[in-house]
Amino acid sequence: VWIFGYGSLVWRPGFEFTSRKVGFIRGYSRRFWQGDTFHRGSEKMPGRVVTLLEDCGACTWGVAYEVCGEQIAASLQYLNVREAVLGGYDTKFVKFHPQEKDGEEPILALVYIATPQNPSYLGPASEEDIAAQIIVSSGCAGHNIEYLLRLADFMRYFCPQAEDEHLFSIEEALISILPCLYYSEDSLEET
């Protein structure tokens, strides 16, 4: 079984796997439209994490993990809690296209997608509003800023040819806000 990750799964799968491949799926755009009240946020201050939006002309880059034998049940049980129960994601099979073009055919992979019907779905907002929400959110897996920056780093390092305007616009908005926060904190300490 192959499992496609496009958010935190690209750097922290949390399950054993046999192999991994960087690549993409077609027909979806990655969006920071899903709320997170556990891993990267709280009930009072939900974080923003990514989900997929159907978009026929787009593609989303990420990592597919191959799980075999006993790894299958263990990984699916783990992901059912991490993504479905705690995250509000549903599962779907998609065609994954590996980055290495060794004549490989697309691979059928399982993907978790949050839909607008789940209670944690936040929907669209401006890049500045999403960045502002990310800056103040933290959960048991760490700060929401780390989530955004690790995802942007993954895209730059493993998929330099790919464009993810939404992701990089939020990162840019976050960076433009952060100096103001540091300045404000320093100013408050001096007063």
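Quick caveat: nothing in here was measured; it's all calculated off a predicted structure.
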Checklist entry - Side chain of His39, backbone of Ser138: donor and acceptor closer than 3.5 Å? => result no
Checklist outcome for this item: Here the pair of heavy atoms bringing Ala114 nearest to Asn118 is CB-ND2, 3.5 Å
Checklist entry - For residues 57-67, which residue pairs qualify under side chain to side chain donor-acceptor pair (under 3.5 Å), counting only residues two or more places apart or in two chains? => result Ser19-Glu66
Checklist entry - Looking at CD1 of Ile170 and CG of Leu149, how far apart are the two atoms once the value is rounded to the nearest 0.5 Å? => result 11.5 Å
Checklist entry - Under the side-chain contact (heavy atoms from CB on, under 4.5 Å) criterion, do Glu100 and Val22 qualify, and how do the steps go? => result CA-CA 8 Å; Glu100 302 105 28; Val22 173; 5.6 Å; no
Next on the checklist: Please check this pair: side chain of Arg40 against backbone of His143, looking for a donor-acceptor N/O pair closer than 3.5 Å.
Outcome noted: yes
Checklist entry - Taking side chain as C-beta onward, heavy atoms only, is Phe32 less than 4.5 Å from Leu151? => result yes
Item to check | Intermediate values then yes/no, salt bridge (Lys or Arg N to Asp or Glu O under 4.0 Å), Glu54 and Lys92 | outcome: CA-CA 12 Å; Glu54 285 191 34; Lys92 187 174 191 172; 3.6 Å; yes
Checklist entry - If you round to the nearest 0.5 Å, how far is OG of Ser169 from CG of Leu174? => result 12.5 Å
Checklist entry - Quick one: does His166's side chain get under 4.5 Å of Glu127's, heavy atoms only? => result yes
Next on the checklist: Given 3.5 Å as the limit, does a donor-acceptor pair link the side chain of Thr37 with the main chain of Glu43, or not?
Outcome noted: no
Checklist outcome for this item: Of all heavy-atom pairs linking Tyr121 and Thr115, the shortest is CD1-O, 3.4 Å
Next on the checklist: Less than 4.5 Å apart, side chain to side chain, heavy atoms only: is that true for Leu122 and Gln34?
Outcome noted: no
Checklist entry - So, do Ile25 and Leu52 sit near enough that their side-chain heavy atoms are less than 4.5 Å apart? => result yes
Next on the checklist: With a 3.5 Å distance limit and no angle check, can you tell me whether Asn144 reaches the backbone of Arg48 through a side-chain donor-acceptor pair?
Outcome noted: yes
Item to check | Over all atoms of both residues, closest heavy-atom pair of Tyr6 and Ile113 | outcome: OH-CA, 3.9 Å
Checklist entry - Between Asp164 and Arg30, does at least one N-O distance fall below 4.0 Å, as a salt bridge requires? => result yes
Item to check | pair Phe38-Cys140: side-chain heavy atoms closer than 4.5 Å | outcome: yes
Item to check | Check: Trp11 ring centroid to Tyr147 ring centroid under 6.0 Å | outcome: yes
Checklist entry - Do Arg82 and Tyr112 come within less than 4.5 Å of each other through their side chains, counting heavy atoms only? => result no
Item to check | Any side-chain heavy-atom pair of Ile3 and Val67 under 4.5 Å | outcome: yes
Item to check | For the student: nearest non-hydrogen atoms of Ile107 and Pro98, plus distance | outcome: CD1-CG, 4.0 Å
Item to check | Closest contact, heavy atoms only, Cys159 versus Gln99 | outcome: CA-NE2, 4.2 Å
Checklist entry - Hey, what do you get for CG (Leu110) to OG (Ser75), rounding to the nearest 0.5 Å? => result 9.0 Å
Checklist entry - Is the side chain of Ser137 donor-acceptor paired with the backbone N or O of Ile134 at a distance under 3.5 Å, no angle test? => result no
Next on the checklist: To check you understand the geometry: which heavy-atom pair defines the closest contact between Leu108 and Trp2, and what is its length?
Outcome noted: O-CB, 3.7 Å
Checklist outcome for this item: Between the CG atom in Leu148 and the CG atom in Leu167, the distance rounded to the nearest 0.5 Å is 6.0 Å
Checklist entry - Are Glu146 and Arg12 close enough for a salt bridge, meaning some N to O gap below 4.0 Å? => result no
Next on the checklist: Assess the residue pair Asp153 and Arg156 against the criterion (side-chain contact (heavy atoms from CB on, under 4.5 Å)); give the C-alpha distance rounded to whole Å, side-chain angles, the decisive distance to 0.1 Å, and a yes or no.
Outcome noted: CA-CA 5 Å; Asp153 284 349; Arg156 279 193 191 89; 4.0 Å; yes
Checklist entry - Among side-chain atoms of Thr18 and Gln71, is any donor-acceptor pair under 3.5 angstrom? => result yes
Checklist entry - Do the side chains of Gln133 and Pro46 get nearer than 4.5 Å, heavy atoms only? => result yes
Item to check | Distance (rounded to the nearest 0.5 Å) between Phe168 CZ and Ile175 CD1 | outcome: 10.5 Å
Checklist entry - Would Trp33 and Val50 count as a side-chain contact (heavy atoms from CB on, under 4.5 Å) if you check the C-alpha gap in whole Å, the side-chain angles of each, and the deciding distance to 0.1 Å? => result CA-CA 6 Å; Trp33 291 3; Val50 293; over 6 Å; no
Checklist entry - Which one of Phe24, Phe93, Phe96 satisfies the ring pair (Phe, Tyr, Trp, His ring centres under 6.0 Å) criterion with Phe4? => result Phe96
